[in-house]
2 protein chains.
Amino acid sequence: MPASEVPDIVIGRLPIYLRALDYMAQEGREIISSRELASYLGISSAQIRKDLSHFGGFGKQGTGYHVQYLREQLIRILNIDREWPVALVGVGHLGSALANYQGFLHRGFRIAAIFDSSPSKIGTVVGGLEVLPVERLGETLRATGIKIAMIAVPASAAQEVADMLIEAGVRGILNYAPITLSVPDGVHVQYIDPAAHLQHMTYYLGRNGR
Amino acid sequence: MPASEVPDIVIGRLPIYLRALDYMAQEGREIISSRELASYLGISSAQIRKDLSHFGGFGKQGTGYHVQYLREQLIRILNIDREWPVALVGVGHLGSALANYQGFLHRGFRIAAIFDSSPSKIGTVVGGLEVLPVERLGETLRATGIKIAMIAVPASAAQEVADMLIEAGVRGILNYAPITLSVPDGVHVQYIDPAAHLQHMTYYLGRNGR
DNA sequence: TAGATTGTTAATCGATTAACAATC
DNA sequence: TAGATTGTTAATCGATTAACAATC
């Protein structure tokens, strides 16, 4: 298992490289050098070459990287040469937006089950799917083998939902609630917290926006 | 300017510490040790103490940190002891969700202007604000002194919108479009790309979700 | 006081960068 | 071939951790 030795920070950059390659492919580029990709992403070319070298040699000396070939390799490495069904819990403004977002589809994911606890939402159709009561979360996830979920419920309910998801076999959680989740080993959590990003920026903007 | 020496990675953790302290305060905690905070966040206590030491000594030996006091200090350091008006460009599903999101308010931000290019959206009211045509972006931002913006338009329009925002004086951009933006020095960009986070997780889940 | 925890230093660890031989 | 760029090694840089004196 050479995979487990690759630093997590490197893994986190692979989707960014893939996203850039998608863009390059769309622009009609067939070949790209690490120097050009680095310039586009605002990082060093050495970092790109080093990151990729963890998985093999995908380029040609003197030429660069074949865009489509490297795309395919990254897709394989990231295990998205398949479509992952994803569960969504919480159908407020944000949950609805996620359910209707088309951007997941061409990047390996499809929302396949949606849950909420509110009687006013249960039974409605959002993003083409019927909203199910959270009581049916366990059976549904186990039946469909869903391993990934997105949490879009209030912070006060997020930990409880996470516990249910994990109990139902979920191994990866994308958490939109502004709270740190407690999860057992082997469960991967990623956080989306736009306010935290804004606060990161205001540090540099100074008290008065300079 | 001691601030500029503090590593960016440290700055990025401060909002997470603040978020945890908000939670602790809500739980009624008055004092917390670096050890307990670290356990809650899943990091080391030494890291928390080291990070905070860049800005001063906020704790008491033998006791720990006063939750409210440390909160106030982080709020001051992050320059959110004021309310930042934020512009939102793009009122699709995601933009609407952001416009209606209440979570920004108690964390230092208020959406103060909303723009879209679609005639069907211009003039409608979203999140209590009238949607303005992008043509009025420049004048509006300059008049209000808005320095921060969120981009929620399709990837194909994001760079153009970013250029307009920067031209209008924006210094911080939270970009939801899955594309890397090209910006001049002094403009801060943060990215929100949920699909990238999901791809990060599928690397570890293996080809079959293990 | 005794016990506990901070703030800080020094050591360790890991990531990034520079440089270049290999090679297309 | 000559020119260009990769893949990789070694050096540098920076971040994390361990440890403990200071001190509440």
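A note on names: the letters A, B, ... follow the listed sequences, proteins ahead of strands, and every chain is numbered from 1.
- Rounded to whole angstrom, the span from the CG atom of B:Leu37 across to the P atom of C:dA4 amounts to 20 Å.
- Atom-to-atom, CD1 of A:Ile48 to C1' of C:dT16 comes out at 13 Å; the value is rounded to the nearest Å.
- In this entry C:dT5 has D:dA22 as its Watson-Crick or G-U wobble partner, both defining distances falling under 3.5 Å.
- The separation between A:Asp8 atom CG and C:dG14 atom C1' is 13 Å, rounded to whole Å.
- Here C:dA15 presents its P atom at 15 Å from CD1 of A:Ile43, a figure rounded to the nearest Å.
- Counting any heavy atom pair closer than 4.0 Å across all strands shown, A:Ser45 reaches no nucleic acid atom.
- Side-chain nitrogen and oxygen atoms of B:Arg49 include none within less than 4.0 Å of the OP1 or OP2 phosphate oxygen of C:dG7.
- Regarding A:Gln47, its CD atom lies at a distance of 19 Å from the P atom of D:dT5, rounded to whole Å.
- Put simply, CD1 on A:Ile31 is 11 Å from P on D:dT6, counting in whole angstrom units.
- Formation of a donor-acceptor pair under 3.5 Å by the A:Ser34 side chain with backbone atoms of A:Arg49 is not found in this model.
- Between the NZ atom of A:Lys50 and the C1' atom of D:dT9 there is a distance of 9 Å, given to the nearest Å.
- In the set D:dT17, C:dT6, D:dG7, D:dG7 carries the atom at the smallest distance from any side-chain atom of A:Tyr65.
- Residues A:Asp22 and A:Arg107 are not paired through a salt bridge, judged by the lack of any N-O separation under 4.0 Å between the basic side chain and the carboxylate.
- B:Leu137 contributes atom CG, which lies 4.5 Å from atom CZ of B:Phe115 (distance to the nearest 0.5 angstrom).
- Nearest-nucleotide positions on DNA chain C place A:Arg13 closer to the 5' end than the other of A:Lys60 and A:Arg13.
- Remark: side-chain polar atoms of B:Asp81 are not paired, donor with acceptor, to backbone N or O of B:Arg76 under 3.5 angstrom.
- Taking only side-chain nitrogens and oxygens, A:Thr63 never comes nearer than 4.0 Å to OP1 or OP2 of D:dT5.
- Applying the 4.0 Å criterion to OP1 and OP2 of D:dT17, one finds that B:Ser44 has a side-chain N or O inside that range.
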